[in-house]
Amino acid sequence: MALVGLLRTEGPLTATRAAELTGESVASCSYHLRMLAKYGIVEEVPGPGRQKPWRATTQFTDVPRGLEPAAAAAATDLRVYLAGQYFEHLARALRTTDRLSPEWQDAEQFGDLLLYLTPDELTGLYDAFDKLVQPFYTRNVAPETRPEGAELVHLLRIAFRKDHAAEGLTAPDSPSPSPSPTHPTEPQHGSAS
């Protein structure tokens, strides 16, 4: 996953450069790049001289749903692993936010919202968000389009049904209890990455 992420934001990269950036051995990076290529996640591209750089074949990882049970369990394990990675990065960012310039400290966001939504409305929110960020995607693969001062920012898109996450709190199709008026939920802002 680290290799794929690097190739999406810093690629194309040789196995040697990937090893420098990940702290892994060249042999390990070379092996994993070949395995990723076997499944179409990365590909080799022409390089100068004898160099063999690699690039990601897509900018996103899509973990499908509606799979047969064994594949669905593996997909769930992958999502849980990715969630752990996201929050490990987030915790590191929170611990080191004081090292950022005041502008970046003010720009970073941390918080949540609780909203009553239908599945269609939640999908619509995601689609609207995707349209907002779409113009920035090309900056990952075209460094010359990045304006001065642009830095790599990690945006997390996470939405889940609240009672579903509180295991055993309510039955899947029963209505959720109304929020207590003494505990309003409002967006929180602060440092995150």
Side-chain angles (χ1 to χ4, degrees), residues 1-15 18-19 21-45 52-93 112-134 136-138 140-141 152-177 192-193:
M1 294 309 297
L3 280 172
V4 173
L6 278 172
L7 290 172
R8 287 176 175 166
T9 59
E10 308 295 327
L13 298 173
T14 64
L21 294 172
T22 62
E24 297 291 330
S25 71
V26 175
S28 175
C29 286
S30 183
Y31 169 79
H32 284 94
L33 287 165
R34 287 193 310 275
M35 290 303 294
L36 290 166
K38 179 179 176 181
Y39 295 100
I41 297 168
V42 305
E43 63 186 3
E44 225 174 357
V45 294
K52 294 181 179 178
W54 299 82
R55 71 175 170 206
T57 56
T58 66
Q59 282 294 302
F60 307 97
T61 301
D62 182 27
V63 183
R65 296 187 186 271
L67 303 168
E68 61 91 21
T76 296
D77 287 345
L78 176 59
R79 285 189 192 94
V80 170
Y81 167 79
L82 292 173
Q85 292 295 299
Y86 296 152
F87 287 102
E88 191 176 298
H89 291 257
L90 171 60
R92 228 178 358 257
D112 71 323
L113 293 169
L114 292 177
L115 304 170
Y116 282 93
L117 301 170
T118 66
D120 285 344
E121 289 169 332
L122 183 55
T123 300
L125 275 179
Y126 172 79
D127 291 343
F129 174 81
D130 196 44
K131 285 178 186 163
L132 282 174
V133 298
Q134 189 75 37
F136 304 102
Y137 291 148
T138 56
N140 286 359
V141 294
L152 190 59
V153 172
H154 200 160
L155 286 175
L156 298 178
R157 295 182 318 248
I158 300 170
F160 52 88
R161 201 173 107 182
K162 188 158 177 15
D163 65 339
H164 175 66
E167 188 178 340
L169 189 63
T170 58
D173 292 321
S174 66
S176 299
S193 142

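Between the CH2 atom of W54 and the OG atom of S30 there is a distance of 7.0 Å, given to the nearest 0.5 Å. The distance from the CG atom of D130 to the CG atom of L125 is 12.5 Å, given to the nearest 0.5 Å. The distance from the CG atom of L7 to the CD1 atom of I41 is 11.0 Å, given to the nearest 0.5 Å. To the nearest 0.5 Å, atoms OH (Y31) and CG (L36) are separated by 10.0 Å. To the nearest 0.5 Å, atoms CG (N140) and CD (Q59) are separated by 4.5 Å.
Residue L33 is tested with V4, L13, L3 for a side-chain contact (heavy atoms from CB on, under 4.5 Å); the sole match is L3.
When the shell of 6.0 Å around CZ of F129 is examined, it contains more than 12 heavy atoms from other residues, nucleotides or ligands.
One N or O on the side chain of T57 and one on the backbone of G40 form a donor-acceptor pair closer than 3.5 Å. With hydrogens and angles disregarded, a donor-acceptor distance shorter than 3.5 Å links the side chain of T76 to the backbone of A72. Without hydrogens or angle criteria, R8 side chain to A56 main chain gives no donor-acceptor distance under 3.5 Å. Side chain of E121 to main chain of T118: a donor-acceptor pair is present (N/O by atom type, distance under 3.5 Å, no hydrogens or angles). Checked by atom type and distance alone, the side chain of T22 pairs as donor or acceptor with a backbone atom of A18 at under 3.5 Å.
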* Asked: After noting the C-alpha distance and the side-chain angles of Y86 and L90, does the key distance pass the side chain to side chain contact (heavy atoms under 4.5 Å, CB included) rule?
  -> CA-CA 6 Å; Y86 296 152; L90 171 60; over 6 Å; no

* Which is it for K52 and T14 under the side chain to side chain contact (heavy atoms under 4.5 Å, CB included) test, yes or no, and what are the steps along the way? -> CA-CA 6 Å; K52 294 181 179 178; T14 64; 5.9 Å; no

* **Criterion side chain to side chain contact (heavy atoms under 4.5 Å, CB included) on F87 and I158, from CA distance to verdict** => CA-CA 11 Å; F87 287 102; I158 300 170; 3.6 Å; yes

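Listed by first and then second residue, the salt bridge (Lys or Arg N to Asp or Glu O under 4.0 Å) pairs involving residues 31-43 are E43-R55 (not counting sequence neighbours).
Contact detail for F136 and L132: the closest heavy-atom pair is CE1-O, 3.6 Å. When all heavy atoms are compared, the tightest approach of E24 to C29 is CB-SG, 3.9 Å.
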